[in-house]
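We name chains A, B, ... by the order of the sequence lines, and we start the count at 1 in each one.
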Amino acid sequence: DAGVIQSPRHEVTEMGQEVTLRCKPISGHDYLFWYRQTMMRGLELLIYFNNNVPIDDSGMPEDRFSAKMPNASFSTLKIQPSEPRDSAVYFCASREQGANYGYTFGSGTRLTVV
Amino acid sequence: GDSVTQMEGPVTLSEEAFLTINCTYTATGYPSLFWYVQYPGEGLQLLLKATKADDKGSNKGFEATYRKETTSFHLEKGSVQVSDSAVYFCALSGTGNQFYFGTGTSLTVIP
């Protein structure tokens, strides 16, 4: 299995531009999570899906952020318009149903908004 | 609510020293407990886990024992190597469907 695949690995964009981050979870995993990691705040859960349905988006910082999961093998996190304070590493993770199963994380997308 | 508290870093050790990173948790019910490791520039990787009281998780020389009586899951390694330098996260999976991560402990091992 190729694991959780995220793209792009690095993204540099100008303030005000739209940014789309992509994630392909592990086949058969029922849950997908989007996290943001910064030095100041550590790991923050933004949103998670169960069977493609958004369950909890309370961590999404503001309306500029949106996430979709149109099918079991693909999810996107979009920021529109982007701001410098959105600069962070964004991780996608997936897991199977059941508390005993750990998350599998992707390698992350390092976003820099200038 | 569920939560995890782990020791503040950073931790700096000499090669072959003994490592302990403390982790305590608060949870309703019977959570599963995990340690993740994050190497520079990479995502978090599962290091080990324990799913019930008194279980010991182990991997790559690291160990942690699920202690219900002290609500702890401390990470230990008898002899660290330079390649163990990374950030270590304690986490729990409780009655809900999400994890609760600690704030991470940075470890640097010097030759």
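In this structure, B:Lys49 places its NZ atom where more than 12 heavy-atom neighbours from other residues, nucleotides or ligands lie under 6.0 Å away. Residue A:Gln80 qualifies as enclosed at atom CD: its count of foreign heavy atoms under 6.0 Å is above 12. Atom CG of A:Asn71 has more than 12 neighbouring heavy atoms from other residues, nucleotides or ligands inside a 6.0 Å radius. Atom CD of A:Glu14 is surrounded by 12 or fewer heavy atoms from other residues, nucleotides or ligands within 6.0 Å. Surrounding CD of B:Gln81 are more than 12 heavy atoms belonging to other residues, nucleotides or ligands, all under 6.0 Å away.
Contact count versus chain B (heavy atoms, under 4.5 Å) is highest, among A:Ile55, A:Leu43, A:Val89, for A:Leu43.
Rounding to the nearest 0.5 angstrom, the gap separating the OG1 atom in B:Thr51 from the OH atom in A:Tyr101 is 10.5 Å. A distance of 13.0 Å separates CD in A:Glu44 from CZ in B:Phe101, rounded to the nearest 0.5 Å. Annotation: the span from A:Tyr35 atom OH to B:Phe99 atom CZ amounts to 7.5 Å, rounded to 0.5 Å.
Put simply, A:Phe74 and A:Ile47 are part of two different groups of oily side chains (I, L, V, M, F, W, Y) that touch within less than 4.5 Å, one to the next. Residues A:Val4 and A:Leu46 do not share a hydrophobic cluster, defined by chaining ILVMFWY side chains whose heavy atoms lie under 4.5 Å apart. B:Tyr25 and B:Leu47 fall within the same hydrophobic cluster, defined by Ile, Leu, Val, Met, Phe, Trp and Tyr side-chain heavy atoms under 4.5 Å apart, directly or through other members. Grouping the Ile, Leu, Val, Met, Phe, Trp and Tyr side chains by contacts below 4.5 angstrom, directly or via other members, places B:Ile110 apart from B:Val11. Hydrophobic clustering, with ILVMFWY side chains joined whenever heavy atoms are under 4.5 angstrom apart, groups B:Tyr66 together with B:Met7.
Using a 4.5 Å cut-off between heavy atoms, A:Gln6 does not touch chain B at all. For a residue to count as touching a neighbouring chain, one of its non-hydrogen atoms must lie under 4.5 Å from one of that chain's; by this rule B:Gln45 does not touch chain A.
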Handout entry: Steps toward side-chain contact (heavy atoms from CB on, under 4.5 Å) verdict (A:Phe91, B:Gln38)
Key = CA-CA 12 Å; A:Phe91 288 104; B:Gln38 184 178 28; 3.4 Å; yes
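Taking 4.5 Å as the heavy-atom cut-off, the residues of residues 105-114 of chain A that approach chain B are A:Phe105, A:Gly106, A:Ser107, ordered by number.
Ring-centre distance between B:Phe34 and A:Tyr103: not below the 6.0 Å cut-off.
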